[in-house]
2 protein chains.
Amino acid sequence: MPKQTFFNLPEEKKATLIRAARKEFSRVPLNDALIANIVKEAGVSRGSFYQYFEDKDDLYFYLLDKNTEDRWAVFVSELKKHDGDLFAAMTGMFYSTLSLINEKDTRDFYSNMFLNMNYKIEKTFKHTVKLEEFNKQMSNVLPLIQIEDLHAANNEELFHMLQITMTIMIQALMLKFAQELSDEEVAKHFELQLKLVKRGFIK
Amino acid sequence: MPKQTFFNLPEEKKATLIRAARKEFSRVPLNDALIANIVKEAGVSRGSFYQYFEDKDDLYFYLLDKNTEDRWAVFVSELKKHDGDLFAAMTGMFYSTLSLINEKDTRDFYSNMFLNMNYKIEKTFKHTVKLEEFNKQMSNVLPLIQIEDLHAANNEELFHMLQITMTIMIQALMLKFAQELSDEEVAKHFELQLKLVKRGFIK
DNA sequence: TCGACTATATGACACGGTGTTACTTATTAC
DNA sequence: GTAATAAGTAACACCGTGTCATATAGTCGA
């Protein structure tokens with residue numbers, strides 16, 4: 001998390017910093033990003049940077065979290081839209097993410113993210129966690145899911161189904177960037193894999 | 001790929017280099033590994049390193065490839081052992097990998113690998129690839145799989161089933177290191193997820 | 001046995017990025 | 001208005017990278 005000093009900054013300065021960081025993290029993945037470029041672009045001194053953030057990672061994960069925290073909201077809204085159909089909701093989330101990715105000023109950022117997605121990044125992106133925390137987090141979502149349609153004996157199995165479908169989605173998006181697939185190709189890939197697991201999730 | 005110069009080296013010197021590299025990549029993940037440490041440990045000059053390898057990544061992926069190329073062989077042998085049962089074979093491969101991971105002198109290397117697994121590493125580890133290449137690579141394996149048991153209409157669906165089960169395995173192993181799970185916990189996780197997708201893969 | 005060519009080995013070096021620190025400037029509070 | 005606290009800065013020490021000029025060893029035809 002950024003330091004308090006950062007949050008105390010006037011909105012405009014914060015925005016400038018964030019814009020500069022996004023630009024750098026769009027240019028290259030986290031490991032290759034240079035603090036030097038960010039401070040230059042934002043027009044602040046190097047010393048200031050370290051008064052706002054612990055290091056590069058601190059800033060990156062703050063950004064990532066900001067940019068993905070609404071993924072969960074999308075999922076919930078899709079779930080409502082499709083009367084609790086888990087697969088329809090995940091599909092909706094997939095296409096929503098796909099179009100987000102295609103926006104000119106987000107594409108490179110996501111490209112670098114997906115191609116260098118490790119456990120920590122995946123965890124942040126999934127915005128989800130251990131089984132113990134799952135029930136708490138999901139308390140307002142669980143009732144939305146049409147569990148009668150699912151071959152899930154309990155919450156634990158439901159949790160794993162969510163994990164698997166989420167992973168299928170992420171893997172598909174990774175593939176898009178890795179092999180520069182078209183939306184159609186990656187959608188076909190995603191829908192097929194979803195269909196395959198679905199056959200088993202459905203009673 | 002390492003340069004020819006490296007392959008021309010006497011076996012013993014190659015082994016020393018590899019041992020030194022493994023040590024460094026066990027200490028820290030790829031990004032934090034220092035060439036300085038490797039050359040120091042191996043007792044060669046910095047200049048020599050660059051005559052053997054393009055850079056750090058070159059050496060790392062060579063090592064990784066060497067260490068994972070027998071994963072495929074394990075899979076094939078498991079497939080034979082279980083009369084073509086895809087799930088039994090994958091489970092066998094899982095436990096085989098698990099015990100490999102638990103060996104004292106491989107654990108840290110794999111820990112760093114799994115926790116920093118990005119697309120390129122995953123691809124190398126999976127030792128598998130695009131659909132087009134799949135049929136060629138699998139030509140000697142496909143006949144082994146009891147496809148009658150599977151709910152797969154064609155090779156493409158079979159390919160995706162393999163991808164999904166492989167991913168489930170990898171994710172489980174990642175989780176082991178990330179949350180420091182016991183073998184029992186991670187096995188439970190893996191087996192449950194496999195069970196869930198299995199319900200659908202089986203006619 | 002020589003010399004010439006080729007392969008291998010080396011450490012010094014220029015370059016560039018990081019994170020810190022001593023110091024300056026701005027803001028707040030009384 | 002001054003003291004205390006917060007924010008901003010540039011210079012610096014440190015360290016790792018990749019390269020290069022040079023040295024050494026090995027090979028082979030004459």
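Numbered from 1 within each chain, the chains take letters A, B, ... in sequence-line order.
The CG atom of N8(A) lies 13.0 Å from the NZ atom of K3(A); values are rounded to the nearest 0.5 Å. Expressed to the nearest 0.5 Å, how far CG of L64(B) lies from CZ of F25(B) amounts to 10.0 Å.
The side chain to side chain donor-acceptor pair (under 3.5 Å) test applied to K14(B) returns E11(B), not counting sequence neighbours. In this structure D65(B) satisfies the salt bridge (charged side-chain N to carboxylate O under 4.0 Å, His left out) test with no other residue, sequence neighbours excluded. With sequence neighbours excluded, the residues forming a side chain to side chain donor-acceptor pair (under 3.5 Å) with E41(A) are K23(A), listed by chain and number.
Residue contacts for S48(B): at a heavy-atom cut-off of 4.0 Å it reaches a base atom on one of the strands shown.
Rounding to whole angstrom units, CG of residue L59(B) and P of dT17(D) are separated by 12 Å. Atom NZ of K40(A) is separated from atom P of dG16(C) by 12 Å (rounded to the nearest Å). What separates CG of N8(B) from P of dG26(D) is a distance of 14 Å, to the nearest Å. Taking atom CZ of residue F49(B) and atom P of nucleotide dC20(D), one finds them 17 Å apart after rounding to whole Å. Distance F7(B) CZ to dA7(C) C1': 17 Å, rounded to the nearest Å. Following rounding to the nearest Å, F53(B) (CZ) and dT8(C) (C1') show an atom-to-atom distance of 14 Å. Rounded to whole Å, atom C1' of dT6(C) lies 12 Å from atom CD of Q51(B).
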Is there any protein nitrogen or oxygen under 3.5 Å from a nitrogen or oxygen in nucleotides 21-24 of chain D, and what are the pairs?
none

With the criterion being N/O to N/O and under 3.5 Å, what pairs connect the protein with nucleotides 18-21 of chain C, and how long is each?
{"unit_1": "dT18(C)", "atom_1": "OP1", "unit_2": "I35(A)", "atom_2": "N", "d": "3.4"}
{"unit_1": "dT18(C)", "atom_1": "OP2", "unit_2": "R46(A)", "atom_2": "NH2", "d": "3.3"}
{"unit_1": "dG19(C)", "atom_1": "OP2", "unit_2": "Y50(A)", "atom_2": "OH", "d": "2.5"}
{"unit_1": "dG19(C)", "atom_1": "N7", "unit_2": "R46(A)", "atom_2": "NE", "d": "2.7"}
{"unit_1": "dG19(C)", "atom_1": "N7", "unit_2": "R46(A)", "atom_2": "NH2", "d": "3.4"}
{"unit_1": "dG19(C)", "atom_1": "O6", "unit_2": "R46(A)", "atom_2": "NE", "d": "3.4"}

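Between T124(A) and T68(A), the shortest heavy-atom contact is O-OG1, 3.7 Å.
For the pair R22(A) and F109(A), the cation-pi criterion (under 6.0 Å, within 45° of the ring axis) is fulfilled. Cation-pi check for K120(A) over F61(A) is met; the charged atom lies under 6.0 angstrom from the ring centroid and within 45 degrees of its normal.
Aromatic ring centres of Y119(A) and F177(B): separated by at least 6.0 Å.
Taking only side-chain atoms of S45(A), from C-beta outward, the nucleotide of dA7(D), dA10(D), dT8(C) with the closest atom is dA10(D).
Donor-acceptor pairing under 3.5 Å is recorded for the side chains of E122(B) and Q171(A).
Between K13(B) and dA9(C) there is a side-chain N or O to OP1 or OP2 distance below 4.0 Å.
Salt-bridge formation is detected for the pair E157(B)/K195(A): a Lys NZ or Arg NE/NH1/NH2 atom is positioned less than 4.0 Å from an Asp or Glu carboxylate oxygen.
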Scoring nucleotides 25-30 of chain C by protein non-hydrogen atoms under 4.0 Å (B base, S sugar-phosphate only, - none) yields ------
